[in-house]
Chemist: 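Sharing a structure here in structure tokens format.
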Amino acid sequence: MNFPILTAITFIPLLISTIVLLIPKSKENWIRSVSTVLSLIPLALSIYIYIAVRADPGKMHFTEEYSWIPAIDVYYRMGVDGLSAVMLVLTTLLSTLCYYYSIYTIKNRVKEYYFLFLLLQVGMSGVFVSLDFIFFYVFWEIGLVPMYLLIGIWGGERRIYASIKFFLYTLAGSMAMLLAIIGVYLATGTFNILEAAAAQPFAGNFALSAAAFWAFFVAFAIKVPIFPFHTWLPDAHTEAPTAGSVILAGVLLKLGAYGLIRIVLPIFPKTFAFYSYNVPVIPILAVISIVYGALVCMAQWDLKRLIAYSSVSHMGYVTLGISAAAASLAISGREGTATSAIISINGASLQLFTHGVITGGLFFLVGMIYDRAHTRQIRDFGGLGSKVPYYYGIMMVTGFASLGLPGLAGFWSEFFVFRGAFAIIPIFAIIGVLGIVFTAAYILWKIVQHIFLGEFDQEKWDQVTHQAKLTDLATFEKITMWPLVILMVLIGFYPSLIVRLLNGVSTALVNNILP
Amino acid sequence: MHIFLFLLPQLILFLSLVLVFGIDLVGSKEKKWLPYLALTGTTISLAVSIYLFGWVEITAESVLGGMIAIDSFSLYFQIFAAVIASIIILLSIEYMALRSPYQGEYYSLILLACFSISLLSVSADLVMVFISFELLSISSYILTGFLRNDPKSSEAAIKYFLYGSIASAMMLYGMSLLYGATASTNLIQIAQGLSGIDPGLRWVIYPALVLLMVGFGFKTVTVPFHQWSPDAYEGAPTPVTAFLAVGSIGAGFAVLIRVMLTALPDFQVNWAALIAGLSIMSMTLGNLVAISQKNIKRMLAYSGIAHAGYILIGLVSWDLWYPGMVFDGVSGVLIYLLVYLAANLGAFAVVIGFEHKLGSNQISDYAGLIQRSPLMAGTMVVFLFSLIGIPGTGGFVGKLMIFGAALRKEYYFLAIIAIINSVVAGFYYLNVIRYMFFQPLDEPQRDRIQLPKTLSAVIILTCVFTLLMGLFAQPFIQFVQASLGLITS
Amino acid sequence: MVPVLIFGLSSVVTLGAALAVVTNKNILHSAFYLILAFVGVASIYVLLEAPFIAVVQVLVYIGAIAILIVFAIMLTRRLLSKDLIQRNAQWGLSALGATGLFLVLGWIVYSVNWPVKLLTVPEDPISVLGQELLSTYVVPFEIASVLLLAALVGAILIGRERE
Amino acid sequence: MADLINLIENWIKNILLGWGVTESLAVFILQVLGSVLVVIVCFVIVIALIWVERKLAGRIQDRFGPNRAGPYGIFQSFADIIKIFTKEYITPVGAEKGLFNIAPVLAMFSVLAIWAVFPFAINVVGGDIHVGVLYIVAIGAFGILAILMAGWSSNNRYALLSASRSVAMLISYEIPMIISLLVPVLLAHSMKLSVIVEAQMPWNIFVAPLAALIFGISSMAEVGKAPFDLLEAESELVAGYHTEYSGMKFGMFYVAEFLHQFTVGALMAIFFLGGWTGPLAVRWPILGVFYFYGKTFFIYLVISWIRLSLPRIRIDEMLNLNWRFLIPISFINLIAVAIADRVMLEFNLARWIYVVVMFLINILILVAALTIAEKNEKAVERVEFSPRPIAVPPGKESK
Amino acid sequence: MAIPINWFLVLAAGLFCIGLYGVLSRRNAIGILMGIELMLNAVNINLITFWRYINPVKLTGQVFAIFVFTVAAAEVAVGLALVIAIYRNRDTVIVEEIDLLKE
């Protein structure tokens with residue numbers, strides 16, 4: 001066993017946070033720069049992992065296993081495959097960008113801010129690398145606490161309501177998951193996620209299986225979020241500080257979908273298939289998320305809220321993709337099913353990455369304009385395109401990526417999802433495509449037209465912003481945005497950069513669940 | 001080695017109490033070092049009991065006329081009692097010095113109350129159970145009403161007293177029925193008498209069970225025998241509240257487990273159903289009422305009721321423990337008690353520090369605590385998260401063990417109600433955090449709070465233990481499983 | 001025949017006095033009825049061939065507890081006025097509950113076939129009692145002494161005048 | 001011929017059996033007759049006692065005492081009885097009638113009931129129960145109760161004040177009394193009065209003089225005679241708890257009081273002076289009865305003598321005497337006697353050594369206690385405590 | 001013995017329930033205390049009855065009863081001290097009027 005790279009990538013942020021804790025409160029610049037610079041280490045490590053996993057993405061690498069609480073059979077198990085590696089890159093990248101961006105935007109209680117943010121990163125990375133249920137759960141919840149405090153302390157006006165709502169929703173879901181985890185343990189005798197998947201618990205007992213399935217599903221669905229469980233999201237996203245929103249949309253939402261792919265699908269394939277095909281509850285919810293989210297976006301006048309709802313819509317594609325893969329089990333005899341299933345999972349997991357990058361970028365952009373105007377109301381703007389061309393340009397790229405313009409990142413993931421789903425659950429795929437139309441509508445109509453096009457009205461601007469200065473992007477904002485824009489374009493032209501890793505994982509997964 | 005050696009920790013506790021009481025009587029000077037003397041006694045007792053625990057594997061044995069059962073279960077509670085005594089003494093030093101001139105009496109009563117916790121855990125006879133129960137009750141009444149010039153303290157004490165006396169009278173009636181049915185008061189003999197009992201006579205055991213549960217329910221603060229607790233908690237001197245919230249509840253569970261498992265294993269179906277009902281009521285009512293509380297001591301009282309409900313689930317899902325078993329109800333109870341001890345005493349330490357410095361117990365006065373005392377606010381978050389059951393803190397391990405046991409015995413409804421309640425509980429704990437972190441100070445720059453050293457020590461210690469139990473639970477769980485000597489053999 | 005008569009008499013006295021205790025409007029009268037009830041219980045003990053318990057009953061309950069109660073009532077004299085209602089609003093419910101409990105408990109203890117062994121009482125039970133107290137029950141005995149001391153200290157501490 | 005008492009008993013029994021009465025009923029009737037006899041004797045004696053005491057008081061106070069009615073005023077008591085019987089019963093306004101009427105009866109009962117367990121001679125005992133000593137103590141409780149009832153029901157401030165004083169005093173002094181009574185119990189290894197009497201070899205007053213002293217003092221307080229007559233301190237409380245009583249109701253209190261003093265004499269006699277024992281008492285039990293009453297009467301006179309000589313003490317002094325002196329010393333005495341008894345029985349020492357050692361131990365304790373008490377007399381002062389302020393921010397005070 | 005065991009037990013049950021009624025229906029703290037004493041007496045009757053009828057050779061029931069006496073005395077002492085204290089502080093012992101501790 002060589003260098004425990006996964007332990008390092010998970011716990012280096014904890015180390016940094018300890019260092020931050022030791023730096024005196026008054027030395028704010030030290031805190032900022034130390035956090036940002038040192039956070040490059042996990043970023044570098046994750047890129048190294050990405051490269052190392054590329055060769056054989058379908059199986060676990062860098063696995064670590066130590067006895068942690070043997071009395072209750074809990075082990076310290078880590079491992080990384082293609083999917084995890086991609087998510088790790090996303091996590092570390094967005095975190096570093098957030099630290100950097102926050103150097104210039106967070107002015108009060110800096111020490112606490114960085115401390116909590118670093119803790120958050122520990123939780124997020126931990127979830128992506130853990131292979132033990134309890135261990136997974138621990139990181140899952142560890143991520144929850146700092147986010148709660150981040151929203152509550154640095155958030156907007158309704159931050160207290162939003163933070164408590166966020167916390168309680170997630171807590172409710174995770175408590176249900178805890179019961180399900182214990183149930184799986186009692187059925188299989190292990191907390192190891194891979195072994196549990198191999199053991200196929202509750203195979204003979206549909207009622208129990210369904211109960212455990214729904215417990216997991218609800219926990220993850222709340223995080224994703226899928227339609228009836230999504231109500232926390234607009235509040236939390238809207239009230240969180242910019243970096244918080246970025247991480248929320250960019251990484252935290254992915255935890256739920258990751259859980260669906262990593263845990264629910266392999267462990268309860270039959271049940272999942274049942275609810276995806278025979279009683280298609282899940283695809284229905286996914287489609288509702290897509291369409292409803294997009295429609296609500298069209299009705300929103302708060303820019304940040306709009307983007308928040310767009311996440312609901314976009315994450316609906318992910319759910320649709322996963323449920324399509326699950327439904328493939330029900331029609332496994334049909335030709336090409338396996339390929340379609342693999343494609344749809346590829347799409348869903350690619351969507352995780354691209355949505356992370358795109359929506360992260362969008363929230364950054366919203367934060368930037370808000371810092372200038374101190375308002376997020378779309379009606380307050382108009383004709384900004386001529387005033388802030390640089391900002392306009394980047395917004396255009398990101399927005400088009402979001403609506404799935406070919407050549408940009410969003411296209412491929414949506415394409416894969418619909419390609420896969422169409423072969424398996426065609427009705428839902430067709431309805432889902434409607435979502436793309438609405439997305440295009442609100443991006444073009446709401447964002448591009450209302451904000452950037454038209455005449456700039458200086459008087460109105462002065463009135464709503466109390467004569468704030470309107471400047472184009474500063475250097476640090478450009479530095480924050482460029483990596484994201486590059487990624488969007490890069491994946492748009494060369495999706496294999498990511499899909500190659502994901503494909504290995506999906507192939508292995510589908511081969512395991514299909515008879 | 002001699003079996004009586006295992007009573008040494010108790011004896012030390014008792015001797016230190018005699019010493020404190022006696023020294024206080026001699027001379028009329030104020031003795032500031034009296035609490036430290038008491039603390040020395042409890043520390044020695046703790047050290048001895050830990051040493052004894054690690055020494056040999058103890059088999060259960062009843063000694064002194066069958067009155068006392070010596071086993072690792074009782075050693076667990078001797079450690080529990082010594083820890084509580086030490087912490088309560090540390091919490092009291094600054095607080096009580098300002099409020100009462102009767103230092104000697106106070107510390108000897110605290111020691112006596114803690115002594116009676118360990119006494120309850122070794123009781124192997126109904127007579128012994130009763131008398132130690134009353135020893136604990138009476139010392140608690142006195143401690144609650146200790147600030148006799150404070151109307152709230154007297155009021156709390158009289159309410160506590162009335163409820164306690166009624167509960168103990170009802171419990172006694174139940175005990176007398178048990179005695180009548182089996183012609184013995186010894187727990188083991190009762191179990192023997194009950195194992196081949198005439199079916200007609202079983203009808204006597206049901207009311208006896210219910211009546212016994214009144215008494216135990218009073219001590220463990222379960223609904224509907226909880227009415228005293230919010231008032232008593234609010235009115236009592238805060239260190240005493242801390243004792244009631246942890247020590248008294250722990251003692252209640254000690255005796256509950258002992259009696260149910262030793263004397264009434266044949267009636268598990270019946271008492272498990274009864275306790276399950278109580279548990280559901282406690283969790284639900286405790287959590288729902290806690291939400292609307294404005295006083296933090298009251299809030300903690302109601303949350304204590306809820307926690308008692310969770311702990312009862314562990315007892316309900318009791319099964320014979322064997323090595324290698326992962327989720328066992330009673331070890332869940334014991335680990336939960338440890339976790340609850342650390343987190344709740346820590347929270348009370350913060351409350352005491354706050355009250356000591358600012359004279360208030362209103363949750364709204366905690367606004368902006370993070371800026372005035374990062375230590376207090378930071379650790380309070382840990383304690384509250386532990387009480388919610390967030391991983392990384394001990395509370396998670398406790399909940400995991402309890403829920404695991406419930407699921408293993410297929411009490412799904414209990415587990416589901418418990419998780420719903422855990423979420424509801426999150427609401428009022430977060431409320432405190434909200435005030436401490438999110439609410440800005442009403443006056444911009446107030447003084448920072450400088451805590452007394454003893455309180456800081458307790459806060460840091462309990463915080464470390466809360467985190468340790470969450471992150472490195474192995475030794476604690478092993479310790480707890482080793483404590484199941486007699487109980488499950 | 002004689003024991004039955006004594007039993008009848010003392011149970012009527014006991015229960016009647018007890019009822020008076022809980023229903024009488026004057027709390028002081030209640031206290032004196034309480035004493036009567038204690039006397040009745042003592043006679044029950046005599047009937048059960050436990051003279052020691054009977055005497056202790058008189059000594060402790062009448063000689064100490066009842067007198068303390070009477071004393072406390074006198075000290076809280078303001079509450080003795082005639083027009084003060086001594087029972088609370090839910091007394092009807094309480095009566096119903098108590099009656100119900102009595103029906104259940106009474107029925108159970110009456111109908112159950114107790115494992116009765118008709119043996120004679122040992123010769124000189126008092127010395128046996130003393131030996132039992134200091135051998136088998138020595139631990140609870142000692143604890144009882146601590147309990148009494150604690151109660152004494154506590155009562156003085158709490159009941160003392162303000163200084 | 002030897003046993004006169006037994007003879008009479010058998011005689012009556014035979015008559016009853018001759019009338020066709022069953023055995024058990026005959027025994028019951030005999031018991032009733034015996035109790036009636038004891039009660040009558042008590043009343044008669046009280047009449048004599050009152051006269052004796054007044055005569056004695058007269059002598060001690062340098063006056064004649066009753067001297068008009070009959071020779072030496074011997075009929076004075078009878079005259080008083082007639083007067084009391086013919087007086088009007090007055091019940092004050094606002095009195096609690098029931099309690100007011102029960103109280104004197106209870107007072108009488110509490111004294112007379114004690115006599116039920118006294119051994120008058122060998123085998124002449126009303127009820128020779130195992131728990132005789134406890135019974136005596138327990139019955140005493142009714143006396144306290146009677147005082148409380150009387151004091152409360154009279155609707156009189158002074159009566160109530162007296163009652164509360166009396167309870168404070170009687171309950172306090174019960175402790176040393178019971179503890180010192182345990183010494184004879186310990187020496188006889190029984191709580192049966194007959195056994196205690198028979199076990200005295202020599203009299204307990206030589207083996208346990210300290211216990212006798214404590215018992216004497218505390219039972220004087222129990223009786224409420226000077227110097228402990230605070231419950232009816234005329235100068236402060238009119239006539240104490242029975243201020244409002246008149247006629248025979250008052251008479252019952254009055255009689256009970258004298259009888260109580262006499263009963264204390266009897267207790268002293270039984271516990272410390274060998275009861276009915278004396279020369280030839282075993283052979284002729286009737287002689288035992290005389291010995292018993294003789295000793296009782298002697299103690300009665302001693303108590304009268306003391307009460308006529310000493311002034312009344314203040315209430316705080318009275319309580320201090322009890323709590324700070326009598327109770328500790330009685331406990332120490334009990335423990336010392338218990339240990340000494342155990343040790344000496346273990347070594348099987350000769351009886352006279354046992355007695356001497358016991359006597360010396362008693363004296364030693366007494367001397368030591370008196371020395372310490374004298375030394376500490378000045379040290380007993382109230383320790384003042386000034387409470388430090390409690391940290392309460394302004395505006396947050398509870399009131 | 002002439003009297004069957006269940007007579008005593010029913011008597012005790014009756015006394016217990018009367019005491020319980022007193023406890024539940026009284027407003028005065030001392031009244032409640034009296035109810036508690038009645039309940040304890042019922043327990044003692046039970047204990048002595050069981051001792052006499054079920055196993056008179058071992059004195060367990062009597063010993064238990066003695067401990068009940070002891071505890072009852074201690075409880076009353078503490079309780080009445082509390083009553084006096086509350087009366088001094090609040091000038092009442094009516095339980096419903098003792099209400100500082102309500103939100």
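Order of the sequence lines fixes the chain letters, A, B, ..., with proteins taken first and strands second; residue numbering starts at 1 for each chain.
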Chemist: With heavy-atom distances below 4.5 Å as the criterion, would you say the side chains of E:E37 and C:F38 are in contact?
Modeler: yes
Chemist: Where on C:L68 is there a heavy atom nearer than 4.5 Å to chain E: the side chain, the backbone, both, or neither?
Modeler: both
Chemist: If every non-hydrogen atom of C:A50 is compared with every non-hydrogen atom of E:I48, which pair is closest and at what distance?
Modeler: CB-CG2, 3.9 Å
Chemist: Where on E:A72 is there a heavy atom nearer than 4.5 Å to chain C: the side chain, the backbone, both, or neither?
Modeler: both
Chemist: Check step by step if side chain to side chain contact (heavy atoms under 4.5 Å, CB included) holds for C:V109 and E:I5.
Modeler: CA-CA 9 Å; C:V109 295; E:I5 176 172; over 6 Å; no
Chemist: Centre-to-centre under 6.0 Å for E:F50 and C:W114, is that the case here?
Modeler: yes
Chemist: Any side-chain heavy-atom pair from E:M34 and C:I73 closer than 4.5 angstrom?
Modeler: yes
Chemist: How long is the gap from CG on E:L59 to CG on C:L129, to the nearest 0.5 Å?
Modeler: 5.5 Å
Chemist: Which region of E:V71, side chain (C-beta onward) or backbone (N, CA, C, O), has a non-hydrogen atom less than 4.5 Å from a non-hydrogen atom of chain C, or is it both or neither?
Modeler: both
Chemist: If I measure from the heavy atoms of chain C, does E:I18 come under 4.5 Å with its side chain, its backbone, both, or neither?
Modeler: both
Chemist: So E:I30 and C:T76, side chain to side chain contact (heavy atoms under 4.5 Å, CB included) or not? Walk me through it.
Modeler: CA-CA 10 Å; E:I30 303 176; C:T76 57; 3.7 Å; yes
Chemist: Looking only at non-hydrogen atoms, find the nearest pair between C:P122 and E:P56 and report the distance.
Modeler: CD-O, 3.4 Å
Chemist: State yes or no: are the ring centers of E:F8 and C:F7 separated by less than 6.0 Å?
Modeler: yes
Chemist: Side chains of C:T99 and E:Y21, heavy atoms from C-beta outward: is any pair under 4.5 Å?
Modeler: no
Chemist: Kindly indicate whether the side chain of E:L15, heavy atoms from C-beta on, has any atom under 4.5 Å from the side chain of C:V41.
Modeler: yes
Chemist: Check each atom of E:A65 against the heavy atoms of chain C and say whether the ones under 4.5 Å are side chain, backbone, both or neither.
Modeler: side chain
Chemist: Quick one: pull up CG in C:L93 and OG in E:S25 and give me the separation to the nearest 0.5 Å.
Modeler: 11.5 Å
Chemist: Please classify the contact between E:W7 and chain C as side chain, backbone, both or neither, with a heavy-atom cut-off of under 4.5 Å.
Modeler: both
Chemist: Search all heavy atoms of E:G31 against all heavy atoms of C:I27 and return the closest pair with its distance.
Modeler: CA-CD1, 3.7 Å
Chemist: Mind running side chain to side chain contact (heavy atoms under 4.5 Å, CB included) on E:L24 and C:W91 for me, showing each step along the way?
Modeler: CA-CA 7 Å; E:L24 295 176; C:W91 69 273; over 6 Å; no
Chemist: What part of E:N46 gets within 4.5 angstrom of chain C, counting heavy atoms only: side chain, backbone, both, or neither?
Modeler: neither
Chemist: Which answer fits C:V60, side chain, backbone, both or neither, if we ask what part of it has an atom under 4.5 Å from a heavy atom of chain E?
Modeler: side chain
Chemist: I'd like to know which of C:G106, C:S111, C:A98 tops the heavy-atom pair count under 4.5 Å against chain E.
Modeler: C:A98
Chemist: Please state whether the side chain, the backbone, both or neither of E:L80 comes within less than 4.5 Å of a heavy atom of chain C.
Modeler: side chain
Chemist: If I take atom CD1 from residue C:I53 and atom CD1 from residue E:I45, how far apart are they, to the nearest 0.5 angstrom?
Modeler: 12.0 Å
Chemist: Checking C:A66 against chain E: side chain, backbone, both or neither under 4.5 Å from a heavy atom?
Modeler: neither
Chemist: As an exercise, state the distance from CD1 of C:I143 to OG1 of E:T70, rounded to the nearest 0.5 Å.
Modeler: 12.0 Å
Chemist: Quick check for you: to the nearest 0.5 Å, what is the distance between C:I44 atom CD1 and E:T49 atom OG1?
Modeler: 8.0 Å
Chemist: Counting only heavy atoms closer than 4.5 Å, note whether C:S145 contacts chain E via side chain, backbone, both or neither.
Modeler: neither
Chemist: Does any backbone or side-chain atom of C:L133 lie under 4.5 Å from a heavy atom of chain E? Answer side chain, backbone, both or neither.
Modeler: side chain
Chemist: Is chain E contacted by the side chain of C:A64, its backbone, both, or neither, given a heavy-atom distance below 4.5 Å?
Modeler: neither
Chemist: Kindly indicate, with the supporting measurements, whether the criterion side chain to side chain contact (heavy atoms under 4.5 Å, CB included) is fulfilled by C:V128 and E:Q62.
Modeler: CA-CA 11 Å; C:V128 180; E:Q62 287 212 23; over 6 Å; no
Chemist: For chain E, which of C:A144, C:P3, C:P140 has the most heavy-atom pairs under 4.5 Å?
Modeler: C:P140
Chemist: Return the option, out of C:G92, C:G154, C:P115, C:A150, with the maximum number of heavy-atom pairs under 4.5 Å with chain E.
Modeler: C:P115
Chemist: Please classify the contact of C:F52 with chain E as side chain, backbone, both or neither, using a heavy-atom distance under 4.5 Å.
Modeler: side chain
Chemist: Non-hydrogen atoms of chain C under 4.5 Å away: do they reach the side chain of E:I54, the backbone, both or neither?
Modeler: both
Chemist: Between C:Y61 and E:F69 (judged by ring centroids, cut-off 6.0 Å), do the two rings come close enough to count as a pair?
Modeler: yes
Chemist: Heavy-atom pairs under 4.5 Å with chain E - which of C:L101, C:I156, C:T136, C:L105 has more of them than the others?
Modeler: C:L101
Chemist: Between C:F102 and E:L20, is any pair of side-chain heavy atoms under 4.5 Å apart?
Modeler: no
Chemist: Out of curiosity, C:Q57 CD to E:I66 CD1, how far, rounded to the nearest 0.5 Å?
Modeler: 12.0 Å
Chemist: Would a distance-only check, ignoring hydrogens and angles, find a side-chain to backbone donor-acceptor pair under 3.5 Å from E:R52 to C:L119?
Modeler: yes
Chemist: Which atoms form the tightest heavy-atom contact between C:Y45 and E:N44, and what is the distance?
Modeler: OH-CB, 2.9 Å
